[in-house]
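Keep in mind that the numbers below use all heavy atoms, side chains included, and drop hydrogens, waters and symmetry copies. Naming convention: chains lettered A, B, ... in sequence-line order (proteins, then strands); numbering from 1 in each chain. Model, not experiment: these values are computed from the prediction.
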There are 2 protein chains.
Amino acid sequence: MHDLLFDFISKYISLTEDEKNAVVSLAIFRSEKKGTTLLNAGEKSNDGYFVLKGCIRTYYVIDGEEKTTAFYTEMEALTPHCVTTKASSEYYISCVEDSILLVSDPDMETEIFSKFPKFETLCRILAEELLAKQQINFDEFKTSSPEQRYLNLLQKRPDLVKRVPQHQLASYLGIKPQSLSRLRARILEKNKG
Amino acid sequence: MHDLLFDFISKYISLTEDEKNAVVSLAIFRSEKKGTTLLNAGEKSNDGYFVLKGCIRTYYVIDGEEKTTAFYTEMEALTPHCVTTKASSEYYISCVEDSILLVSDPDMETEIFSKFPKFETLCRILAEELLAKQQINFDEFKTSSPEQRYLNLLQKRPDLVKRVPQHQLASYLGIKPQSLSRLRARILEKNKG
DNA sequence: CAAAAACGTTCACTTAAGTTAAGAAATGAT
DNA sequence: ATCATTTCTTAACTTAAGTGAACGTTTTTG
């Protein structure tokens, strides 16, 4: 479990034994069952999650309907908006699969940052990288049709299309489940004809 | 000009005179005319921009059509994706208005971070905050119709709707210029009836 | 294991966005 | 100031997504 984490970190910075030990002593791992709710809308929390194994999602409930807007799988991090704003959460977070999560909170971060500034550099780089990736993602979303978005997702995250319920995928693609069904049928039809 | 910058920074961290001087001595300001291209697709660059005055945008050219995906106005920062990836840019950056920009590059950042680690903290916080905001933005985009997105923009960034050409706004909203025209007419019609 | 709930697909119908084209309005350049 | 270009709007038509409902399938759960 620690290896997964250190392999990931080693892509960005190299750690001394001291630093690794600091991580091990402060890291909080949590195993959660599929379907477990990690955060409810309306509640506050200081926990950020780093997915070591499994898949979690964020979703809103709008007019009684769940709208899934993001999935986080292996080696992806989610810092809920409410951690940053200190307000109550607009969305829910729950486990799509049985998952192993690394849980962090700002106090823990502050502590480790002051002892080992290298970790702040890591976090800055990760945040900047994510920000840039996310912008590209958003750009692609804006500039393509639902069908293109689905085909694009098939290319870029084929695992997600298999791991995740269709109706959750649909809202992730910005459409209704029926439209996703239809669109998939349309694509199959094209590839036959 | 410096005041604008320091007022902004003071919302996040407090600076000593030494630190302010370091910023002043390293900061590069640039005044650009409306329409100036700051970065061409296919080119590489290490420059990030912080908008002190004016408005810049990123856009793609897809099938010969400009697709504007983001606007940056006063006190907003843009680190182009190609700075992070060191690859050539997928998009163009240009000035929507005459603008005053603070230009940064990674070497300059490294220098100031090593002298004053506080600036790295500032950058980490800013990146994390932006990331969270951007996620919410994306969520709203996914969960609403073009009409709702337009109405939402009118609420949240009314200035943008006035400052920016309609056809650029349209792709920012993920639709065609004709659709934006029609949608606006539809809203007017509703408010009359 | 059986009943209930949730999920995925299909269909007919409605609504809105994409497309193509034309013309009016605004902007910029000489 | 005038001409050329770009931008915005309108309209008719096409295409695809939203909606509501039905139905078979899968998953939960008591």
* Asked: What residues form a ring pair (Phe, Tyr, Trp, His ring centres under 6.0 Å) with B:Phe6, not counting sequence neighbours?
  -> none
* Structure fact -> For B:Phe113, the ring pair (Phe, Tyr, Trp, His ring centres under 6.0 Å) test, sequence neighbours excluded, returns none
* Is a donor on one side and an acceptor on the other found under 3.5 Å between the side chain of A:Glu65 and the backbone of A:Ile62? -> no
* To do: Verify, without hydrogens or angle tests, whether B:Ser171 (side chain) and B:Thr68 (backbone) share a donor-acceptor contact under 3.5 angstrom.
  => yes
* Check side-chain contact (heavy atoms from CB on, under 4.5 Å) between A:Val161 and all other residues, then give those that pass, not counting sequence neighbours. => A:Tyr150, A:Leu153, A:Leu154, A:Leu169, A:Arg184
* Asked: With A:Met75, which residues qualify under side-chain contact (heavy atoms from CB on, under 4.5 Å), at least two apart?
  -> A:Leu4, A:Phe8, A:Phe50, A:Leu52
Show the atom names and distances, to 0.1 Å, of all donor-acceptor pairs under 3.5 Å that link a side chain in residues 76-85 of chain A to residues at least two apart or in another chain.
from, atom 1, to, atom 2, distance (Å)
A:Glu76, OE1, A:Thr73, N, 2.9
A:Glu76, OE1, A:Arg157, NH2, 3.4
A:His81, ND1, A:Glu90, OE2, 3.0
A:Thr85, OG1, A:His81, O, 3.2
A:Thr85, OG1, A:Ala87, N, 3.3

* side-chain hydrogen bond (donor to acceptor under 3.5 Å, both in side chains) partners of residues 173-182 of chain A, not counting sequence neighbours, each pair once -> A:Ser179-A:Arg182
* Is there any side-chain hydrogen bond (donor to acceptor under 3.5 Å, both in side chains) pair reaching into residues 99-111 of chain A, and which pairs are they, with sequence neighbours excluded? -> A:Glu111-A:Lys115
* Structure fact -> What residues 152-169 of chain B contributes to the DNA chain D interface at heavy-atom separation below 4.0 Å is B:Pro165, B:Gln166, B:His167
Mind calculating the distance between [atom1] ([X]) and [atom2] ([N]) to the nearest angstrom?
| X | N | atom1 | atom2 | answer |
| --- | --- | --- | --- | --- |
| B:Glu65 | D:dT7 | CD | P | 12 Å |
| B:Glu66 | D:dT5 | CD | C1' | 14 Å |
| B:Lys142 | D:dA17 | NZ | P | 17 Å |
| B:Glu189 | D:dT10 | CD | P | 10 Å |
| A:Glu147 | D:dG18 | CD | P | 13 Å |

* **DNA chain C contacts made by residues 177-184 of chain B, counting heavy atoms under 4.0 Å** => B:Gln178, B:Ser179, B:Arg182
For the pair [X] and [Y], find out whether any cationic side-chain nitrogen is under 4.0 Å from an anionic carboxylate oxygen.
| X | Y | value |
| --- | --- | --- |
| A:Arg30 | A:Glu32 | yes |
| B:Glu66 | B:Arg57 | yes |
| B:Asp98 | B:Lys34 | no |

* Nucleotides bounding contact with chain B, strand DNA chain C, heavy-atom threshold 4.0 Å -> C:dA16 to C:dG28
All N/O donor-acceptor pairs, side-chain side in residues 38-45 of chain A, below 3.5 Å, sequence neighbours left out:
from, atom 1, to, atom 2, distance (Å)
A:Asn40, ND2, A:Glu43, OE2, 3.4
A:Ser45, OG, A:Asp47, N, 3.0

Do any N or O atoms of the protein come closer than 3.5 Å to N or O atoms of nucleotides 24-29 of chain D, and which pairs are they?
none

